[in-house]
Structure formats: C-alpha cells, structure tokens
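Presented below is the structure to which this report refers.
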Amino acid sequence: MSGDHSHNEDQIDYASRVNDSHKQKDKYKEYKHKEHKKDKEREKSKHGNSDHKDLEKKYKDKEKEKMKHKDGSTDKHKDKHKEKRKEEKMKSLDGKIKKEKENGFASPPHVKSEPENDYHSPKYEKSLKRERDDDYEAEFKPKKIKTENDKKAKKRKQEDEDIKSKKTKSKKGEAADGKKKAKQEPEQKWKWWEEERYTDGVKWKFLEHKGPVFAPPYEPLPSNVKFYYDGKHMKLSPEAEEVATFFAKMLDHEYTTKDIFRKNFFKDWRKEMTAEEKSIITDLKKCNFTEMNEYFKAQSEARKAMTKEQKQKIKAENERLLQEYGFCIMDNHKERIANFRIEPPGLFRGRGDHPKMGMLKRRIRPQDIIINCSKDSKYPTPPPGTKWKEVRHDNKVTWLVSWTENIQGSIKYIMLNPSSRIKGEKDWQKYETARRLKKCVDRLRAQYREDWKSKEMRIRQRAVALYFIDKLALRAGNEKEEGETADTVGCCSLRVEHLKLYPENEGQEFVVEFDFLGKDSIRYYNRVPVEKRVFKNLQLFMENKEPDDDLFDRLNTSILNKHLQELMDGLTAKVFRTYNASITLQQQLKELTTADDNIPAKILSYNRANRAVAILCNHQRAPPKTFEKSMQNLQAKIDAKKDQLSDAKRELKSAKADAKVRRDEKSKKAVETKRKAVQRIEEQLMKLEVQATDREENKQIALGTSKLNYLDPRISVAW
DNA sequence: TGCTGCACTTAGTATTTTGATT
DNA sequence: AATCAAAATACTAAGTGCAGCA
C-alpha cells in the first residue's frame with residue numbers, strides 16, 4: 001500500500017448532520033479512548049445472539065478447513081467432515097452432517113432446530129488471540145500453524161459449550177479456568193459454512209413458513225380522550241381518528257414542526273376523513289391533539305409501571321408469537337426470520353429533507369401480500385376471510401414475504417436473520433471478495449494513477465472517482481429520482497457545488513474540501529490534500545460548470561462498476577469500502593498493540609481501531625438524547641472520586657506520620673493499606689476520566705455499523 | 001445505452017433489555 | 001428496589017448493483 005492511502009483520522013475532519021444544525025456544534029477532536037466499554041463487552045457477553053461474534057467463529061472454522069485442504073486432502077467433503085467429527089469428538093452429532101449432505105436439500109424430513117441463542121465465549125476470543133498472525137489476505141498458512149490451531153480449536157469448542165450451557169455470569173479471569181467439564185450439547189449448531197454452496201442462482205430447495213404477523217387492528221380511543229378543532233370538541237370517524245393518533249404520538253418530535261411533514265400529513269389525513277370532517281377540518285394549525293398525546297404518554301407510563309406478572313405475561317405472549325411465526329424451515333433447518341412482523345401503518349419518517357415525510361404509510365392487508373415458499377410446503381394461511389395477493393414459488397430469491405409500500409412504491413421483504421445460512425454465506429463472500437481485492441489493489445491503483453493522464457475525459461473522470469472511492473471510502477453514488485427522495489449524493493453523483501479546491505491551504509498543497517450530504521443525509525465534510533494530477537483534473541472537470549452540474553458528467557455507477565468488473569471478477573465500488581474498512585482496522589490494530597499489553601490495554605486499542613474505521617466510513621449518529629445528563633452524572637462521579645482521593649491522601653499522610661513516630665509493625669502496615677487505597681482510588685478516577693473523554697468523543701460516532709457490516713471478523717479473531 | 005424494477009445490503013434511530021450502582 | 005447507562009435488538013429507510021428490456 002502506498003503511503004497516501006493510509007487512512008488516518010486527521011484526514012477526516014468533522015462531519016455532522018446538516019439538517020439538525022444544533023447538533024453539529026462540537027468539533028471532532030482527536031479521538032481518545034475508552035476503557036471499559038469493550039472491557040465489559042468481552043468480559044461478560046452473556047446473552048448470545050451476537051450474530052457478529054457468532055460469525056467470527058464460523059469464519060474461523062471455515063478458514064481452518066481451507067488450510068486443511070491445502071494440505072493435500074483429496075476428497076474435500078468427506079475428509080472435511082471426518083476431520084471435523086474427530087475434532088468434535090463425542091459431540092453426539094456424528095453422522096448428522098453427513099446425512100444432510102446426502103439427502104441434500106430434499107423436502108421435509110426431520111428438521112433440526114438450531115439453538116437460537118448462540119452463545120459465544122468471550123474467552124474464546126482471547127484464547128485465540130495469538131493463534132495466528134493473520135494477514136488480511138486470502139493467504140493461508142497451512143504449515144506449522146495447523147496443528148496448534150487444531151488443538152486450540154478443540155479447547156475452544158469446549159469452552160464454548162461450557163459457556164453455552166451454563167450461561168455463566170461470573171466473569172472469569174483469563175482463559176485458564178475456562179475449560180471445565182465440557183457438557184454435551186443435545187442440540188448442535190448447524191455449521192452451514194462447512195457445506196457446499198448452491199452454485200446456480202438457486203437459493204433453496206425447500207421453504208416453509210407461517211407467513212407474516214399483521215399489525216394489530218386499530219383500537220379507537222376511549223371517549224374521554226378528545227380532539228379539538230378550533231377549540232371545539234370534535235368526534236372523529238375511526239379512520240380519521242387513527243391517522244390523527246399517528247400525528248398525536250409524534251407531537252414531541254421535531255418532525256411535526258416541519259412544514260413538509262405537516263403538509264404531507266394533512267393532505268393524507270384529509271383523504272381519510274369523511275366528507276363532513278373534510279369540510280370542517282381545513283387547517284392543521286387549528287387542530288389540537290394534546291389530549292391524545294397525553295393519553296399515549298400516560299399509556300406508556302402505565303406500561304412501564306406494570307407489575308412483574310403483567311410484564312411476564314406480555315413477554316410470554318411475544319415469545320409465543322416468535323416461536324410460531326419467527327422461524328421458517330429452509331432446507332431442513334429451522335432458521336430465524338429477521339422481521340416477521342409487517343410494518344404497522346404510520347407516518348413516513350424520511351431522513352433529511354425528504355419531500356415525502358409525513359405521508360401516511362398505509363396499513364398492509366393480506367391481499368397486499370405475496371407469499372414465497374416451496375410448492376411442497378404447507379402454505380401459510382391468510383387470516384380468516386382474507387386472501388393473499390399471490391403465492392409463488394421462486395427459489396431464486398431469499399425472501400419469504402413481500403409487499404409493495406405506498407410511499408415510494410418500492411417492495412418490502414421479509415427475510416432471514418443474519419445468522420441464517422443464506423445471509424451468512426453472502427457475508428462471507430463479501431469478505432472473500434475484499435480479500436481478493438487486497439491482492440490486486442496495487443495493480444489497480446497503479447492503473448488509475450495512469451488513467452489520470454488519459455486523453456479521454458471519461459477515463460480521467462473514472463480514475464479520479466475511483467481514487468476518491470479508494471482513498472476516502474466514498475459510496476458509489478447511484479443517481480436517484482429527483483423530488484422523490486432527499487437530495488443526497490455519493491461519489492459518482494457529486495456535483496460541482498460539493499467540493500472546493502484550494503491550491504494552497506494551511507500549509508498544504510492541492511487541498512480538496514468535500515461538503516455534501518451522503519446516505520441518510522449524513523454530512524460528509526472533509527478537507528484532504530490530493531495529488532497534483534487529481535487536483536488539475538478536478539479543476540478541469542469543474543470548468544465552465546454551474547454549481548449544480550455533475551462533477552463527473554461522463555460517469556455513473558454502472559460505467560464505473562463495469563470497469564471494475566473488468567479489473568477483477570466480482571469487484572464493485574462498495575468492495576472498496578469493505579476492503580478499506582478492514583485493512584484500516586488491521587493496520588490500526590497492528591500499530592496500536594504491543595504483544596504483551598494487558599487485556600484492558602488491548603481492548604482499548606481495539607476500540608480505537610474500530611473508531612478509526614467508523615471515522616473513515618463516516619458513520620455518525622445523533623448525540624444520544626440523554627447525553628448531557630449522563631455526562632453531568634459522570635462528572636459528578638468524578639468529582640466525588642476526587643474528594644475521596646484527597647481524603648485518602650490525607651489519611652495516608654497522617655498514617656505515615658504516625659508510623660514515623662511509633663515505628664512499629666502495625667503502623668507500617670497501616671501505611672501500606674492506605675497507600676494501596678490511594679492507588680486504587682487513583683486508578684478508579686483515571687478510569688472515570690477516560691470514560692468521560694471517551695463518551696464525549698463517541699458522541700457522534702457510531703461504531704456499530706462498521707463492526708456489523710465492514711470489518712472482517714477474521715481480523716478480530718486473529719488479533 | 002439508458003431506464004426501470006427488483007433483491008439485497010447498509011444505515012441510523014427507537015425501544016427494550018440488561019446489569020451495575022446506589 | 002430504584003435508577004440509569006449501555007448494550008442488544010427491533011425497526012425500517014436508504015443505499016448498491018444487476019438483470020432485463022426497449
């Protein structure tokens with residue numbers, strides 16, 4: 001990697017959501033670190049379903065398999081499973097895998113239900129830590145590592161099981177006490193990543209599910225909750241009332257102050273009114289929803305104040321629903337569905353300056369629903385007296401249910417959970433592609449640098465765009481329909497008005513300033529020095545153009561992607577984001593960690609690295625609502641600690657003085673104790689302070705997204 | 001070549017749960 | 001037991017990219 005591609009955080013300056021101007025006052029500072037957050041995360045990690053971590057394990061295993069193959073096994077399949085079995089010893093599932101293999105994905109037979117909670121030992125990660133000096137690369141190193149690897153794997157498995165079955169709460173120390181008696185797991189996780197994938201476009205052979213769960217019907221308000229128009233009480237028809245409640249529920253939200261939102265809402269609301277209502281209600285400003293609003297607030301208060309039993313009951317009911325509708329059977333396996341509930345009606349909450357915000361999102365009925373399942377499955381039954389729009393059997397797609405949404409006219413789907421085979425495989429592939437990119441990225445970079453000099457405008461534009469995508473991790477930037485969505489852009493759709501060129505800026509040459517709204521109307525602001533050629537090209541591209549003209553007028557995403565496809569199979573613009581996020585993580589980890597750091601220090605480093613990635617990808621969030629308050633609380637804690645510290649110090653002093661006079665064992669001991677106390681408090685204080693800085697720094701940065709979508713779990717595992 | 005529709009990933013926010021602390 | 005922050009999860013909007021068509 002050439003030097004100018006290292007993404008360091010000072011490249012990226014400050015960014016914020018523009019449509020929320022009060023939130024952007026804080027400058028992005030040099031980030032510091034957080035100690036405990038991750039600490040806790042790892043140390044405890046009780047409840048499973050951390051899909052991500054789960055995946056880490058899967059990848060890990062899969063990789064191991066690959067190594068084995070390289071080691072010269074001939075018959076992939078069998079060997080694979082034999083070895084695996086051996087490894088897993090008595091794990092009770094002998095033959096299971098094999099069977100699956102054989103009857104492939106025939107219809108029903110017996111279905112194995114996967115334990116839905118995939119626990120994942122945090123310790124497991126630790127124990128792996130130095131296992132491999134992995135590189136973010138497709139290179140496997142079969143040799144020596146293998147044996148060691150296997151051993152550890154065994155151990156890890158045990159731990160894994162152990163944790164799983166025990167739901168242990170105690171945070172154990174180091175890996176040492178991890179592997180007690182490994183309990184036998186009755187239910188074995190399905191290791192889809194050890195199986196063959198479908199090749200042709202087929203996504204499954206058998207699919208059975210119960211269909212979606214519809215939103216509960218509207219419950220009219222009690223008669224004492226009134227709506228007033230122009231000061232006068234007015235009883236609304238149920239249809240109009242329902243829509244009114246949508247608005248009433250949002251009264252505290254900024255949305256309801258926005259003109260577009262109000263306008264759209266009012267227009268759609270009127271459509272639901274009776275002729276009479278329509279004739280009376282002509283001005284939203286004269287509508288008084290406060291009683292309704294208060295009613296809903298009271299409702300949610302009441303819900304919070306419910307007794308344990310009541311809460312239990314609701315929980316149980318949810319659980320029942322989940323058990324019944326939350327799973328499907330796909331190719332012999334019971335898999336979790338991500339979103340089995342149909343989106344309830346409400347007001348559309350577009351992000352940024354969305355022209356359609358406030359529009360009524362219709363209630364979805366069975367006759368809007370398309371069911372997808374296999375022919376030989378038991379079809380889901382529509383609610384009594386209703387019909388599905390269609391039942392189809394398309395095994396080239398992964399969705400179970402779809403419907404067309406009325407705001408944008410786009411299609412919504414019900415699909416599987418990320419832990420499912422179908423999603424996991426895709427995710428795995430994504431990182432594989434990114435690894436392949438690593439192998440040829442140098443060549444690609446050389447090429448686009450060359451292309452900056454091309455005689456053809458379209459090639460130059462393509463090359464510069466690619467440079468941005470690579471260096472700054474910009475998104476591709478498909479064009480979008482004007483007026484249908486918020487005005488946001490990505491690389492290919494950048495307009496002249498989105499960048500400023502400075503031949504000279506703060507001591508640096510050829511600085512480009514980006515300022516635009518990207519996905520979700522998150523502001524991207526960055527000032528970055530570029531190479532002279534790029535700069536000259538940009539000047540050229542911007543010549544004689546209006547601010548709202550396209551910067552790359554000879555380029556769009558499909559041209560760019562077509563080009564990328566030629567350079568490397570499967571390469572598209574977004575692969576660069578994955579690649580650069582992952583490589584940044586890896587670099588940062590390398591840079592920040594020293595081999596013999598203690599655990600907290602390592603965790604700290606991991607967090608920093610993670611944050612660097614989030615900054616690179618411009619992942620932001622609105623500062624949490626309770627931010628100010630929680631900050632104050634923390635500050636109070638710090639102050640208290642400080643007091644405590646000075647007290648302790650004083651005590652230490654007097655103890656010392658005392659010891660000097662008395663010169664006996666007892667007083668000496670007392671000094672020691674006091675000294676330790678001071679030390680302890682100092683440590684605690686430091687921790688708190690770090691926490692404070694960290695929280696401040698993290699205010700606007702969202703770490704989750706990168707962790708979830710961009711960072712190859714193998715890097716974390718290897719580390 | 002451009003357009004559109006579809007399928008799927010990525011994203012931020014809202015809500016719920018957890019677990020630590022007082 | 002009450003409170004609160006953080007983590008996990010639910011939700012759904014907003015992207016990407018491809019295929020099929022004219």
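What you are looking at is a predicted structure, and each value in this text was computed from that prediction instead of being measured. Protein chains get the first letters and strands the later ones, always in sequence-line order, with residue 1 at the start of each.
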Residue pairs fulfilling salt bridge (Lys or Arg N to Asp or Glu O under 4.0 Å) with at least one residue in residues 549-565 of chain A, sequence neighbours excluded: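 For residues 549-565 of chain A: K545(A)-D553(A).
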Pairs where residues 485-494 of chain A contributes a residue and the test salt bridge (Lys or Arg N to Asp or Glu O under 4.0 Å) is met, not counting sequence neighbours: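 Output for this query lists D487(A)-R495(A).
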Pairwise 5' ranking along DNA chain C for K519(A) and N633(A), keeping only the more 5' one: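 Looking at DNA chain C, the more 5' nearest nucleotide goes with N633(A).
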Phosphate oxygens OP1/OP2 of [N]: is one of them under 4.0 Å from a side-chain N or O of [X]?
X       : N       : answer
T488(A) : dG15(C) : yes
K412(A) : dA7(B)  : no
K203(A) : dC8(B)  : yes
K423(A) : dC8(B)  : no
H619(A) : dA11(B) : yes

Given [options], identify the nucleotide with an atom nearest to the side chain of [X].
X       : options                   : value
D520(A) : dA13(C), dA14(C), dT13(B) : dA14(C)
K315(A) : dT12(C), dC8(B), dT17(B)  : dT17(B)
S630(A) : dA5(C), dT9(B), dT12(C)   : dA5(C)
K637(A) : dA7(B), dA11(B), dT22(B)  : dT22(B)
P344(A) : dT12(C), dA11(B), dC8(B)  : dT12(C)
R695(A) : dA5(C), dT18(B), dA11(B)  : dA5(C)
K430(A) : dT10(B), dT18(B), dC11(C) : dT10(B)
R577(A) : dT18(B), dA11(B), dA7(B)  : dA11(B)
I411(A) : dA14(C), dG12(B), dC6(B)  : dC6(B)

Hey, does [X] reach any base, or is it just sugar-phosphate, or nothing, if we go heavy atoms under 4.0 Å?
X       : answer
S402(A) : nothing
G704(A) : nothing
K562(A) : nothing
G477(A) : sugar-phosphate
F348(A) : sugar-phosphate
K356(A) : nothing
S410(A) : nothing

Atom-pair distance ([atom1] on [X]; [atom2] on [N]), nearest Å:
X       : N       : atom1 : atom2 : answer
N556(A) : dT1(B)  : CG    : C1'   : 10 Å
R349(A) : dT15(B) : CZ    : P     : 7 Å
L634(A) : dA6(C)  : CG    : C1'   : 13 Å
L347(A) : dT12(C) : CG    : P     : 13 Å
L322(A) : dA8(C)  : CG    : P     : 19 Å
N618(A) : dG15(C) : CG    : P     : 13 Å
N318(A) : dT16(B) : CG    : C1'   : 11 Å
I407(A) : dA13(C) : CD1   : P     : 8 Å

Test: R362(A) and E343(A) ion pair at under 4.0 Å: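 No.
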Salt-bridge contact R421(A)-E425(A) (side-chain N to carboxylate O under 4.0 Å):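 Yes, charged N to carboxylate O under 4.0 Å.
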Interatomic spacing from CG in N372(A) to SG in C328(A) - rounded to 0.5 Å: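 Atom-to-atom, N372(A):CG and C328(A):SG are 11.0 Å apart.
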Ring pair (Phe, Tyr, Trp, His ring centres under 6.0 Å) partners of residues 614-640 of chain A, not counting sequence neighbours, each pair once: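 Every ring pair (Phe, Tyr, Trp, His ring centres under 6.0 Å) pair that includes a residue of residues 614-640 of chain A, provided the two are not neighbours, is H619(A)-Y710(A).
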Which residues share a side chain to side chain donor-acceptor pair (under 3.5 Å) with R475(A), sequence neighbours left out: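 Checked R475(A) against side chain to side chain donor-acceptor pair (under 3.5 Å); zero matches.
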Side chain to side chain donor-acceptor pair (under 3.5 Å) partners for H354(A), two or more places apart: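 H354(A) satisfies side chain to side chain donor-acceptor pair (under 3.5 Å) with Q408(A) once adjacent residues are dropped.
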Toward the 5' end of DNA chain B, by each residue's nearest nucleotide, T705(A) or I422(A):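 It is I422(A) whose nearest nucleotide is closer to the 5' end.
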Nearest-nucleotide comparison on DNA chain B, the residue closer to the 5′ end among T398(A) and H253(A):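 The answer here is T398(A).
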Steps toward side chain to side chain contact (heavy atoms under 4.5 Å, CB included) verdict (F552(A), C491(A)): CA-CA 9 Å; F552(A) 302 117; C491(A) 185; 4.1 Å; yes
Listing time: all N or O pairs from protein to nucleotides 17-22 of chain C that are below 3.5 Å?
| unit_1 | atom_1 | unit_2 | atom_2 | d |
| --- | --- | --- | --- | --- |
| dG17(C) | OP1 | T572(A) | OG1 | 2.8 |
| dG17(C) | OP1 | A573(A) | N | 3.2 |
| dG17(C) | OP1 | K574(A) | N | 2.8 |
| dG17(C) | OP2 | N561(A) | ND2 | 3.0 |

K249(A) charged N/C atom sitting above F296(A) aromatic ring, 6.0 Å / 45°: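 Yes, a cation-pi geometry holds between K249(A) and F296(A).
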